[in-house]
Participant: 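Dropping a structure here in structure tokens format, bear with me for questions.
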2 protein chains.
Amino acid sequence: MNRHLFLTDRSLSLPGWLAAFPEARVRPHPASGDEFTDTAVRLAWIHVGPADDVAARVRVAARVLPGARLIVLANVPGQNQGLAALEAGASGYLSALAAPELLRQVASVIENGGLWVGPELLDRLLAAIAPRDGARRAPAVLDRLTPREREVALAVAGGAANKEIANRLGIAERTVKAHLGAIYETLGVRDRLQLSLLINGLPKPGN
Amino acid sequence: MNRHLFLTDRSLSLPGWLAAFPEARVRPHPASGDEFTDTAVRLAWIHVGPADDVAARVRVAARVLPGARLIVLANVPGQNQGLAALEAGASGYLSALAAPELLRQVASVIENGGLWVGPELLDRLLAAIAPRDGARRAPAVLDRLTPREREVALAVAGGAANKEIANRLGIAERTVKAHLGAIYETLGVRDRLQLSLLINGLPKPGN
DNA sequence: GCCGGTATTGAACCAAAGGACGATGAGCCG
DNA sequence: CGGCTCATCGTCCTTTGGTTCAATACCGGC
């Protein structure tokens, strides 16, 4: 039952994939001019890097594998790339490092006619279709902080170092750290970079 | 293991649901003023009719069930209602008449952090955002980096830690640092946070 | 007057990030 | 061939970031 086919030019992530589907086949990406077809494949996993043309990969795969549903495995998952994949006809988009368990789950969903979309990507879709006032988004998270924490959070989101913030606010660096610890706790982020992404209303990490 | 909870005011569809989750509990929709909370519920299934205010139902459920992911079961599924449900914070939207097998599948997906969207609804989402291409251009700064550096830079801009990037790319953490050092040099930034701001095209990396 | 939230700071510690040396190998180009 | 870029990795070290123990002080409400 070679219903699963992995398309990749690198083999780094193979172990995880084959753990999920030991019976799967693997082959390099078809070129846009390739003429062969294979109708036996039910599910094709398309491995892409951040710089690859995902839409082209998906379209070529759709042509040579007429009977297959297509899932994109991203080395570095990103929302724009995810959108491109789905628009090109892919049925799923997730990290190439996803656990075997997750891979099997996604396969099950898609074989049954569903589509898989990660949480952040769906957020992006919703944001695109229902453009709420962008000026009201950042404050939503900032409202959960105390005034002083807000000052610190905004400075960090702008790229400032702890020492700079301490000087700017006339307090000890230790106090900046204290505020930051409280901020991470209440907003559920792990460090200043993710805080910056959150405040600036950008993609959150994950698949 | 009462991790599943069905919220409904009618009981017509109950048999199918309980076939999927025999151990689930069932209770009427909470009112907007209800004060109880239940953090044990992992997955809450919200049953709505075509005339219900699905957003309100979802928000109330989110309040009284802080630890739960929310799935809307629609008596008469519709795209607009699906959108409203997802915007309000639901993690899934499907027909109340779905087969038990599908219910279990959706539950599995959502418990693992995913979201469930039916094919038609996703088509609708994609169609709605398709006519947006003007704002779609990769930052020019990335052109000044080598391909590998670009991968690392994008991962950092997404909030990843060095160790994560190393695993993702299958290289040593030391190599990630090497690439980052070169990136900082090339782009004239001092750390990963300012790199993130630069790539994400935000305000300014000013000092 | 006490209590909870906020703001502040210290010492110490651990983890992550970044720089400073250096090194190897693959691939390209004149 | 020799030089060049790119990618890879190692060790040692410093700086920065983040956490874990605190403690002090103000302020508003009950």
Side-chain angles (χ1 to χ4, degrees), chain A residues 8-14 47 49-52 75-76 96-97 141-200 205, chain B residues 141-200 205-207:
Chain A
T8 182
D9 289 335
R10 307 175 224 183
S11 51
L12 289 177
S13 306
L14 270 177
H47 185 205
D52 289 351
N75 246 5
V76 183
L97 295 170
V141 278
L142 291 178
D143 284 350
R144 300 169 56 190
L145 306 177
T146 70
R148 200 56 159 170
E149 287 169 353
R150 199 150 36 233
E151 286 189 78
V152 175
L154 285 171
V156 165
N162 288 347
K163 207 165 293 183
E164 292 172 350
I165 302 172
N167 292 334
R168 203 179 294 177
L169 300 184
I171 56 181
E173 187 181 347
R174 174 65 186 84
T175 311
V176 175
K177 289 184 176 183
H179 287 309
L180 276 176
I183 292 169
Y184 299 154
E185 167 78 13
T186 60
L187 297 187
V189 296
R190 73 172 177 214
D191 56 33
R192 61 205 303 110
L193 183 41
Q194 298 202 341
L195 173 63
S196 162
L197 294 176
L198 182 62
I199 289 183
N200 292 315
Chain B
V141 281
L142 292 178
D143 291 343
R144 300 166 56 189
L145 304 178
T146 71
R148 202 54 159 168
E149 287 169 355
R150 200 149 37 232
E151 288 192 68
V152 173
L154 285 171
V156 165
N162 288 347
K163 208 164 293 184
E164 293 171 348
I165 302 172
N167 292 334
R168 206 180 285 179
L169 300 184
I171 57 180
E173 187 180 349
R174 175 64 188 85
T175 309
V176 174
K177 288 184 178 182
H179 286 309
L180 275 176
I183 292 169
Y184 298 155
E185 168 78 12
T186 304
L187 300 185
V189 296
R190 73 171 179 216
D191 57 31
R192 59 205 304 109
L193 183 42
Q194 298 203 340
L195 173 63
S196 163
L197 295 176
L198 183 62
I199 288 184
N200 290 318
N207 198 10

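So you know, we letter chains A, B, ... as the sequences are listed, proteins then strands, and number each from 1. Everything quoted here is computed from the prediction, not taken from an experiment.
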Participant: Among the nucleotides D:dG18, C:dA17, C:dT9, which one has an atom lying closest to any side-chain atom of A:Ala172?
Facilitator: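 Of the candidates, C:dT9 comes closest.
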Participant: Report the nucleotide, chosen from D:dG17, C:dA17, D:dT8, that has the shortest atom-to-atom distance to any side-chain atom of B:Glu173.
Facilitator: C:dA17
Participant: Taking B:Arg168 for its side chain and A:Ala96 for its backbone only, find out whether a donor-acceptor pair lies under 3.5 Å.
Facilitator: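 Answer holds: no.
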Participant: According to a strict under-4.0 Å criterion, is A:Thr175 in side-chain N/O contact with OP1 or OP2 of C:dA7?
Facilitator: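 For A:Thr175, the contact criterion (side-chain N or O under 4.0 Å from OP1 or OP2 of C:dA7) is not met.
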Participant: Which part of the nucleic acid does A:Ala178 contact within heavy-atom distance under 4.0 Å: base, sugar-phosphate only, or nothing?
Facilitator: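 Base contact - A:Ala178 has a heavy atom under 4.0 Å of at least one base atom.
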Participant: Can you identify which nucleotide, out of C:dA7, C:dG18, C:dT9, has its nearest atom closest to the A:His179 side chain?
Facilitator: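 It is C:dA7.
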Participant: Under the side-chain contact (heavy atoms from CB on, under 4.5 Å) criterion, do B:Val152 and B:Leu169 qualify, and how do the steps go?
Facilitator: CA-CA 9 Å; B:Val152 173; B:Leu169 300 184; 3.8 Å; yes
Participant: Do the side-chain N or O atoms of A:Thr146 get closer than 4.0 angstrom to the phosphate oxygens (OP1, OP2) of C:dT6?
Facilitator: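 A:Thr146 to C:dT6 OP1/OP2: no side-chain N or O under 4.0 Å.
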Participant: Take A:Leu180 and A:Lys177 through the side-chain contact (heavy atoms from CB on, under 4.5 Å) test and state the conclusion after the steps.
Facilitator: CA-CA 5 Å; A:Leu180 276 176; A:Lys177 289 184 176 183; 5.5 Å; no
Participant: Check whether any side-chain N or O of A:Lys177 sits under 4.0 Å from OP1 or OP2 of D:dT19, and answer yes or no.
Facilitator: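 Answer is no, no contact under 4.0 Å.
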Participant: The test is side-chain contact (heavy atoms from CB on, under 4.5 Å); show your working for A:Leu187 and A:Leu145 and say whether it passes.
Facilitator: CA-CA 9 Å; A:Leu187 297 187; A:Leu145 306 177; 4.0 Å; yes
Participant: Can you tell me if A:Asn162 touches the phosphate of D:dG17, counting only side-chain N or O atoms and a distance under 4.0 Å to OP1 or OP2?
Facilitator: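 Answer yes for this pair, as a side-chain N or O of A:Asn162 is under 4.0 Å from OP1 or OP2.
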Participant: Is any side-chain N or O of A:Arg192 closer than 4.0 Å to OP1 or OP2 of D:dG17?
Facilitator: yes
Participant: Just call it for A:Ala182: base, sugar-phosphate, or nothing, with non-hydrogen atoms closer than 4.0 Å on any strand.
Facilitator: nothing
Participant: Any donor-acceptor pair under 3.5 Å between the side chain of A:Arg174 and the base of D:dT20?
Facilitator: yes
